[in-house]
Protein chains: 2
Amino acid sequence: MPRSTRAVQGRQLEHPEAGQIQLEAVLSALADPIRLRIVHDLSQGHEDMACIAFELPVSKSTSTHHFRVLREAGIIRQYYEGTSRMSRLREQDLQERFPGLLAAVLNAQDARPSPDRDTAATPGRDRVGS
Amino acid sequence: MPRSTRAVQGRQLEHPEAGQIQLEAVLSALADPIRLRIVHDLSQGHEDMACIAFELPVSKSTSTHHFRVLREAGIIRQYYEGTSRMSRLREQDLQERFPGLLAAVLNAQDARPSPDRDTAATPGRDRVGS
DNA sequence: GTCGTAGTTTGACAATCTTCGTAGTACGAC
DNA sequence: GTCGTACTACGAAGATTGTCAAACTACGAC
């Protein structure tokens, strides 16, 4: 089919509605260190981030996969801005659907024994000068 | 080989210490409907339950598998009593390690099964906020 | 001792997941 | 138009997971 007949914004992305978010899907999506890291980074003040800004230790196609899992689980919302795909945590939707869950996970993540994946020598946390 | 050189109590079970419980393991363990059901049942007043008491829709060996996943993740504690293996939620350990996490999951589970959420929007049922 | 109960262990299978590389698309800049 | 950037889609390889049946072990009762 002619996919170019889409709206000018074109690349629309599917998101579950807040009320449709499934608990198993959320837990399953968060049960991966890379996705947990994405969620954690998103929660640290930066409202919207492009995929490239995360500097994940995986290939681009794997990144796409992880972002899609998070999006389809209802954890993040994504939209296009130029060639970039911006991501944002759906904190309010999650809080509404599963009160306290996201906060508990984020809090738990901070309290965890850090495996020093990024090397502890980055207190300022220079997350890419995108 | 001397397989019977085990301790007389024999069947000892490995459990992670409270401080060693991993967030990913917990989330991963809870991201399964059968295990979620086990945890839910354990949280409903019955402190200790034998595996057989759950009436899970799977075979015995699959049950064993799920209980082991929960135990190795640090979510339940198991001990033998006669021929039965009793299970108990490690609520205190989990609360200590990841405050609010288990409570949020259990609460989320109660608010969950609503495939008709579109129609009624469930006004007063699941209260939002803490 | 024998027998039944409760659960484990092993091995197998299919399904799913994570990862990658390659090829492709949409957009912005030139 | 061409080019580069940012990302996607499409397999495919490898690992993990959920499931089962069959054989086994530990315990209690008889």
Side-chain angles (χ1 to χ4, degrees), chain A residues 1-15 22 24-38 48-73 76-87 128-130, chain B residues 1-14 22 24-38 48-73 76-87:
Chain A
M1 60 151 42
R3 51 169 48 82
S4 51
T5 54
R6 284 217 262 205
V8 180
Q9 302 297 1
R11 303 183 281 176
Q12 298 283 9
L13 296 165
E14 297 289 326
H15 295 80
Q22 299 294 313
E24 283 94 340
V26 171
L27 294 173
S28 179
L30 294 177
D32 179 280
I34 291 187
R35 293 194 290 264
L36 214 38
R37 173 171 160 181
I38 292 172
D48 298 21
M49 292 176 74
C51 292
I52 201 177
F54 290 88
E55 291 191 336
L56 300 173
V58 292
S59 70
K60 282 192 301 179
S61 32
T62 305
S63 271
T64 298
H65 162 70
H66 285 303
F67 278 98
R68 182 175 43 188
V69 171
L70 287 171
R71 174 167 48 83
E72 292 181 347
I76 64 174
R77 190 173 291 282
Q78 296 187 292
Y79 60 94
Y80 282 99
E81 201 168 278
T83 68
S84 292
R85 172 182 280 194
M86 307 303 283
S87 297
V128 132
S130 62
Chain B
M1 58 164 146
R3 60 174 73 75
S4 52
T5 51
R6 285 217 263 197
V8 179
Q9 283 80 354
R11 305 185 279 177
Q12 295 283 11
L13 297 165
E14 297 288 324
Q22 299 295 313
E24 284 94 340
V26 171
L27 294 174
S28 180
L30 294 177
D32 179 279
I34 289 187
R35 292 193 291 263
L36 214 38
R37 174 172 157 181
I38 292 172
D48 298 21
M49 290 176 74
C51 293
I52 200 177
F54 291 88
E55 296 192 338
L56 301 173
V58 292
S59 69
K60 282 193 304 179
S61 34
T62 305
S63 271
T64 297
H65 162 70
H66 286 304
F67 279 99
R68 181 174 46 187
V69 171
L70 286 171
R71 173 169 47 83
E72 292 181 347
I76 64 175
R77 188 173 293 281
Q78 295 187 292
Y79 60 95
Y80 281 99
E81 200 169 279
T83 67
S84 293
R85 174 182 278 192
M86 308 302 282
S87 297

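The sequence lines fix the lettering, A, B, ..., with proteins before strands; numbering per chain opens at 1.
The base of dA9(D) lies outside donor-acceptor range of the side chain of Thr64(A), with no N or O pair under 3.5 Å.
The line from CG of Asp48(B) to CD of Gln78(B) is 11.0 Å long, rounded to the nearest 0.5 Å. The CD1 atom of Ile76(B) sits 11.5 Å away from atom CE of Met86(B), with the distance rounded to the nearest 0.5 Å. In this structure, the separation between OG on Ser87(B) and CG on Leu70(B) is 8.0 Å, given to the nearest 0.5 Å.
Listed candidates were dT19(D), dA26(C), dG7(C). Nearest to the side chain of Ala50(B) is dG7(C). Set against dA22(D), dT18(C), dC7(D), the side chain of Ser61(B) has dA22(D) as its closest nucleotide. The nucleotide whose nearest atom lies closest to any side-chain atom of Arg35(A) is, among dT19(C), dG7(C), dT18(C), dT18(C). Closest to the His66(A) side chain, of the nucleotides dC20(C), dG18(D), dT18(C), is dT18(C). In this structure, the nucleotide among dC7(D), dT8(C), dT19(D) sitting nearest to the side chain of Lys60(B) is dT8(C). Comparing dC20(C), dC20(D), dC7(D) by their closest approach to the side chain of Thr62(A) singles out dC20(C). Closest contact between the side chain of Ser59(A) and the listed nucleotides dC20(C), dT19(C), dC7(D) involves dC20(C). When distances are taken from the side chain of Ile52(B) to each of dT10(C), dT5(D), dA6(C), the shortest belongs to dA6(C). Relative to the side chain of Val58(A), the nucleotides dT18(C), dA6(C), dC20(C) differ in distance, and dC20(C) lies closest.
Scanning both residues, Ala25(B) and Ala73(B), for their nearest heavy atoms gives O-CB, 3.7 Å. Smallest separation of non-hydrogen atoms from Arg35(A) and Ser28(A): NH2-O, 3.4 Å.
To the nearest angstrom, P of dT25(D) lies 16 Å from CZ of Arg85(B). Regarding Leu13(A), its CG atom lies at a distance of 12 Å from the P atom of dC7(D), rounded to whole Å. If you measure from atom CD1 of Ile34(B) to atom P of dT17(D), you get 16 Å, rounded to the nearest angstrom. Protein atom CZ of Phe67(A) is 13 Å distant from nucleotide atom P of dT19(C), rounded to whole Å. Spacing between atom CZ of Arg37(B) and atom P of dG18(D) amounts to 16 Å, rounded to whole angstrom units. In this structure, Ile38(B) places its CD1 atom 14 Å from C1' of dG7(C), rounding to the nearest Å. One atom, CD of Glu81(B), and another, C1' of dT5(C), lie 15 Å apart when rounded to the nearest Å. Distance Glu72(B) CD to dT16(D) P: 14 Å, rounded to the nearest Å.
Considering only side-chain N and O atoms, Arg68(A) lies nowhere under 4.0 angstrom from the phosphate OP1 or OP2 of dC7(D). Not one side-chain nitrogen or oxygen of His65(A) sits closer than 4.0 Å to the OP1 or OP2 atom of dC20(C).
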